[in-house]
Amino acid sequence: MPELPEVETTRRGIERSARGRRISEFRIYDHRLRWPIDRSLPQQLADQQIVEVDRRAKYLLLRLTDGTLILHLGMSGSLRLLPQETARISHDQFDLLLDSGDTLRFNDPRRFGSLHYTTEDPASHKLLRSLAPEPFDAAFNADYLYRITRRRSAAIKQVLMNGRLVTGVGNIYASEALFRARVNPRRAARKLSRAECVRIVRAVRAALQAAIRAGGTTLRDYVGTDGNPGYFRQKLYVYERDGKACRVCATLVRKITQGQRSTYFCPHCQH
DNA sequence: ATGGGCACCTGGCTGC
DNA sequence: TGCAGCCAGGTGCCCA
C-alpha cells in the first residue's frame with residue numbers, strides 16, 4: 001500500500017513523540033511478517049533511546065543508541081501512535097512502548113511488511129544498499145533518468161516502479177506521475193527524449209509532494225499515525241478512475257495491465 | 001545485465 | 001446466504 005508519501009506521513013506523525021524517547025519495552029504479538037521478527041529483539045531494544053526517525057525510500061528508519069530499526073509497511077501495514085492503553089485488534093504484530101507512556105503499534109493484515117534491526121550502517125544493509133537515489137535528492141534528475149533509461153527496453157511505468165532505478169514510486173504514483181508528465185505509460189524507456197525525462201522527474205516529485213501534503217492516499221487499509229486516512233485519493237487524476245472523464249480533457253481514463261499490475265492513463269493527454 | 005513471472009498473505013467485493 | 005474467483009499502496013528471488 002504505502003508508497004513514499006504514506007511512509008513519509010507516518011514518519012512525520014511519530015517523529016515528535018518518538019525522538020529522544022527511550023524504549024521501555026518491545027512486545028511481539030505475532031512474529032510472522034515477510035521475514036519472521038527476530039525473537040531476541042525485545043532484549044536488544046529494551047532501554048535504548050530513539051535518536052532519530054528517518055526514511056529511506058519506503059523504509060522507516062528508527063535510529064537507536066546502538067543500532068537502527070528498519071521497518072517496511074508492505075502493502076497493508078500501518079504504524080499508529082497510541083497515547084494511552086488501547087485494546088489490540090487482529091493483525092497487531094508488535095508494540096514499541098516508550099517511556100513517555102505512548103505506544104507505537106504496528107498492524108499489517110497481509111504481513112508483507114518487515115522489521116529488521118542492524119548495528120551496522122543501515123545504508124549498507126541488504127535491503128537498502130541497492131536502492132536508487134531519493135526522488136527529492138539532487139542526484140535524481142533528468143540527466144540521471146535519461147542515462148539509466150538508455151539500455152532499458154521496459155516500459156517507463158515499470159522503470160518508475162523499479163526501486164533500484166527510481167525510489168518511492170509505487171503503483172499509484174507511477175500512473176499519477178506519468179499523467180502529470182503527459183507520457184504514455186507504455187513508452188519504451190530507452191525511447192524517451194531528454195525533454196520527457198525532465199517532465200517525468202518534475203512530475204514524480206510533484207505527485208509525491210502533493211500526496212505528502214494531503215497526508216497520503218488511502219484506498220483501503222492505510223491510516224496515518226493518528227488512525228485517520230490520507231486525503232489524496234480525491235485528488236488522483238487517473239488511478240482507479242478508469243471509465244471516468246479525465247479531469248483535464250474529459251476523455252475516458254483507461255486501465256491496462258503491465259507487469260501484472262494495473263496502470264491507468266488518459267489516452268488523449270498521454271499521447 | 002535485464003526482464004518476466006512467481007511467491008508471500010488476508011480481506012473485501014462481485015457474481016452466480 | 002454461501003462460496004468461488006478476483007483484486008489490492010511491495011519487492012525479493014529464480015530463471016531465461
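Numbered from 1 within each chain, the chains take letters A, B, ... in sequence-line order.
Atom CG in A:Leu33 sits roughly 11 Å away from atom C1' in B:dC9 (whole-Å rounding). When the C1' atom of B:dC9 is taken as reference, atom NE2 of A:His31 falls 14 Å away, rounded to whole Å. Residue A:Arg110 contributes atom CZ, which lies 15 Å from atom P of B:dA7 at whole-angstrom precision. Spacing between atom CG of A:Asp108 and atom P of B:dC8 amounts to 16 Å, rounded to whole angstrom units. Regarding A:Leu219, its CG atom lies at a distance of 18 Å from the P atom of B:dG11, rounded to whole Å. Across the protein-nucleic acid pair, A:Asn171 atom CG and C:dA8 atom C1' stand 9 Å apart, rounded to whole Å. Rounding to whole angstrom units, CG of residue A:Leu73 and P of B:dC8 are separated by 22 Å. In this entry the distance linking CG of A:Leu60 with P of C:dG10 reads 15 Å, nearest Å.
Shown are A:Leu96, A:Leu104, A:Ile50, A:Leu98; of these, the side chain to side chain contact (heavy atoms under 4.5 Å, CB included) with A:Ile14 is made only by A:Leu104. Of the candidates A:Arg19, A:Arg63, A:Arg21, A:Arg19 is the only one forming a salt bridge (Lys or Arg N to Asp or Glu O under 4.0 Å) with A:Glu52.
With both pairing distances under 3.5 Å, B:dC9 is matched to nothing as a Watson-Crick or G-U wobble pair.
Where stacking is scored as ring centres under 5.5 Å apart with planes under 30°, A:Phe112 does not register as stacked on the base of B:dC9.
OP1 and OP2 of B:dG4 both lie 4.0 Å or more from every side-chain N or O belonging to A:Gln260. Between A:His91 and B:dC9 there is no side-chain polar atom (N or O) within less than 4.0 angstrom of OP1 or OP2. At B:dC9, none of the side-chain N or O atoms of A:Ser76 fall inside 4.0 Å of OP1 or OP2 (strictly under the cut-off).
Between A:Tyr173 and A:Phe232, the angle of the ring planes lies from 30° to 60°, which puts this pair in the tilted group.
Stacking of A:Arg27 on the aromatic ring of A:Tyr29 is not recorded, the 6.0 Å distance cut-off and the 45° axial limit not both being met.
Using modelled atom types, no side-chain atom of A:Ser175 and backbone atom of A:Tyr239 make a donor-acceptor pair closer than 3.5 Å. In this structure a side-chain-to-backbone donor-acceptor pair under 3.5 Å is present from A:Gln270 to A:Leu178. Under a 3.5 Å cut-off, the side chain of A:Tyr117 and the backbone N or O of A:Leu41 do not form any donor-acceptor pair.
Not a single donor-acceptor contact under 3.5 angstrom links the side-chain atoms of A:Arg111 to the base of B:dC9.
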How does protein reach along nucleotides 11-16 of chain C, written 5' to 3' as B (base within reach of a heavy atom under 4.0 Å), S (only sugar-phosphate), or - (no contact)?
BBS---
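A 4.5 Å side-chain heavy-atom check between A:Val223 and A:Asn228 finds every atom pair outside the cut-off. With a 4.5 Å cut-off on side-chain heavy atoms, A:Pro2 and A:Lys58 do not count as touching. Using a 4.5 Å cut-off on side-chain heavy atoms (C-beta onward), A:Arg205 and A:Phe136 make contact. Put simply, the side chain of A:Arg233 does not reach to within 4.5 Å of the side chain of A:Thr218, judged on heavy atoms.
In the region residues 142-160 of chain A, proximity to DNA chain C at under 4.0 angstrom, judged on heavy atoms, holds for none of the residues. Across residues 252-259 of chain A, not one residue has a non-hydrogen atom less than 4.0 Å from an atom of DNA chain B.
A:Asn184 and A:Lys157 form no side-chain donor-acceptor contact under 3.5 Å, judged by distance and modelled atom types alone.
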